[in-house]
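Have a look at the structure below before the remarks.
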There are 2 protein chains.
Amino acid sequence: MKGRDVVLGLLNTKSRSGYEIKEIVEDQLAYFFDASIGMIYPTLRNLEKEGKIQKTRVYQTDKPNKNVYTITDSGKKEFAQYLKSPIAQDIYKSDCLMRLYLGTELSDKEITHLIQQELKHKQELLQHLQDSYQDWQSKGMNKRQKITLDYGIATYKAAINALESAKQDLQP
Amino acid sequence: MKGRDVVLGLLNTKSRSGYEIKEIVEDQLAYFFDASIGMIYPTLRNLEKEGKIQKTRVYQTDKPNKNVYTITDSGKKEFAQYLKSPIAQDIYKSDCLMRLYLGTELSDKEITHLIQQELKHKQELLQHLQDSYQDWQSKGMNKRQKITLDYGIATYKAAINALESAKQDLQP
DNA sequence: GATGGCATGTAATAAGTTACATGATTCA
DNA sequence: TGAATCATGTAACTTATTACATGCCATC
């Protein structure tokens with residue numbers, strides 16, 4: 001799964017502008033697709049150059065004008081091929097766990113602080129996902145999208161529990 | 001957290017060869033550090049060129065000879081700086097969840113198959129982590145490293161549960 | 001003599017990230 | 001008039017990945 005597959009997949013459902021793609025990636029895909037937003041416009045540009053999508057200028061009076069991209073047959077073909085390809089394994093990188101593993105020089109106090117910080121961050125992310133529930137539903141969430149949300153909430157909760165018991169184990 | 005921080009951190013504890021680093025990354029860090037093994041030798045080369053580590057040739061009779069790398073003061077300084085830097089947020093990318101989200105064209109049967117595959121894969125990963133427990137302990141696992149293992153097991157279990165209930169919800 | 005584990009590397013390519021750069025419109 | 005939101009893009013750089021490439025040693 002690459003950035004271009006995601007952009008193509010979002011345009012496969014309906015035509016959208018770069019900004020609209022950015023909003024979806026930030027609000028709805030962020031949990032299972034960590035990509036910098038900066039990737040979107042370069043990707044759109046490449047896809048257009050390759051004839052996978054087509055740009056249309058849309059003039060707006062209440063907002064700045066925008067470019068709306070529509071997927072082409074060639075683009076649909078590429079996306080269908082992605083869906084047929086073998087599932088790529090998850091990519092997970094945790095700086096916090098790495099520091100726990102490598103930070104033999106850190107004091108117990110520093111480690112506790114590290115865990116506390118991570119805990120706070122994960123709690124915020126969980127809260128955000130839980131808040132999304134209603135928001136998604138109003139925008140029309142299908143069964144499959146609900147699975148992704150439930151999955152995210154479940155794993156955040158597990159991570160929070162693990163960090164909490166780690167914190168307690170470190171307490172003297 | 002970049003590849004070089006990890007290599008530097010592993011050499012900060014003790015001198016090792018590229019192959020030894022590869023084994024640790026595969027066996028012990030794989031859960032929270034998805035990086036291709038191909039990155040190790042290029043990274044060692046760069047770090048040596050920058051004077052962060054030093055190479056020593058070790059001659060072996062029972063095995064092929066190897067290059068053992070030792071961290072320098074400059075390298076220790078860089079690693080200490082990494083430990084002081086702000087924690088980077090987790091990176092997570094799930095091809096399976098992305099397909100659930102984007103695969104509006106897939107049939108329920110195809111979706112169930114997708115989940116089944118992911119389930120099987122996660123169960124294998126969990127089994128592998130659980131098997132690691134004894135192995136790690138014999139090699140000297142410290143309290144902090146144990147946290148990373150427990151965390152990994154907890155989140156895999158949560159993921160498996162989420163996939164199992166998703167599978168049941170899709171059943172007619 | 002074949003297989004599997006130990007051992008190391010390079011060149012080329014792809015992908016992702018950061019920093020830079022701009023500008024319209026709305027609302028307080 | 002200043003902040004927030006909507007809106008788009010490029011150039012340069014860093015990083016990661018892939019494919020290629022080699023060869024020793026032990027054991028079966």
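Chain identifiers are assigned alphabetically (A, B, ...) following the order of the sequence lines, protein sequences preceding nucleic acid strands; residue numbering begins at 1 within each chain. Model, not experiment: these values are computed from the prediction.
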(request) Taking only Lys NZ, Arg NE, NH1 and NH2, and the carboxylate oxygens of Asp or Glu, determine whether R4(A) and E50(A) approach each other closer than 4.0 Å. (result) yes

(request) For F33(B), report the nucleic acid contact type (base, sugar-phosphate, nothing); a contact means any heavy atom under 4.0 Å. (result) nothing

(message) Need to verify one output field. Residue with the more 5' nearest nucleotide on DNA chain C, N65(B) or K93(B)?
(response) N65(B)

(request) Select one nucleotide: of dA7(D), dG23(D), dT15(D), the one nearest the side-chain heavy atoms of K2(B). (result) dT15(D)

(message) Please report the distance, rounded to the nearest Å, between CD1 in I37(B) and P in dA16(D).
(response) 13 Å

(request) Using a strict 4.0 Å threshold on nitrogen-to-oxygen distance, state whether D108(A) and R144(B) make a salt bridge. (result) yes

(message) Judged by each residue's nearest nucleotide on DNA chain C, which is more toward the 5′ side, K63(A) or M39(A)?
(response) M39(A)

(message) Nearest to the R45(A) side chain among dT17(C), dA26(D), dA11(D), which nucleotide is it?
(response) dA11(D)

(message) I'd like to know if D95(A) and R99(A) make a salt bridge, using a cut-off of under 4.0 Å between side-chain N and carboxylate O.
(response) yes

(request) Give me the ring orientation class for W136(A) and Y101(B): parallel if the planes are under 30° apart, tilted from 30 to 60°, perpendicular past 60°. (result) perpendicular

(message) Expressed as a whole number of angstroms, how long is the span from Y59(B):OH to dC25(D):C1'?
(response) 17 Å

(request) Return the value, rounded to whole Å, for the distance between atom CZ of R57(B) and atom C1' of dT8(C). (result) 8 Å

(message) Can you measure L8(A) atom CG to dA15(C) atom P for me and round it to whole angstrom units?
(response) 13 Å

(message) Counting only side-chain heavy atoms from C-beta out, which of dC24(D), dA15(C), dT10(C) sits nearest to Y41(B)?
(response) dT10(C)

(message) Tell me the interatomic distance from E20(A), atom CD, to dC6(D), atom P, rounded to whole angstroms.
(response) 11 Å

(request) Side chain of Y19(B) only, please: which of dT8(D), dA24(C), dT8(C) is the nearest? (result) dT8(C)

(request) Output the single nucleotide from dT8(D), dG9(C), dT8(C) whose closest atom is nearest the side chain of S17(A). (result) dT8(D)

(message) Rounded to whole Å, how long is the line connecting atom CD1 of I40(A) with atom C1' of dT18(C)?
(response) 15 Å

(message) If you only use heavy atoms from C-beta on, which nucleotide in dT18(D), dA7(C), dA7(D) is closest to the side chain of Q60(B)?
(response) dA7(C)

(message) Measure CG/N46(A) against P/dG16(C) and give the value in whole Å, please.
(response) 11 Å

(request) Consider the side chain of K55(A), meaning its heavy atoms from C-beta on, and name the nucleotide among dG9(C), dG9(D), dA26(D) that approaches it most closely. (result) dG9(D)

(request) Going by the ring-ring contact (aromatic ring centres under 6.0 Å, His included) test, name the single residue among F33(A), Y151(A), F32(A), Y31(A) that passes it with Y92(B). (result) Y31(A)

(message) Of the listed nucleotides (dA7(C), dT17(D), dT17(C)), which one gets closest to any side-chain atom of A35(A)?
(response) dT17(C)

(message) I want to verify a distance call: between dC6(C), dT18(C), dT15(D), whose nearest atom is closest to the E23(B) side chain?
(response) dC6(C)

(request) For R4(B) and dT15(D), give me the distance from atom CZ to atom P, rounded to whole Å. (result) 7 Å

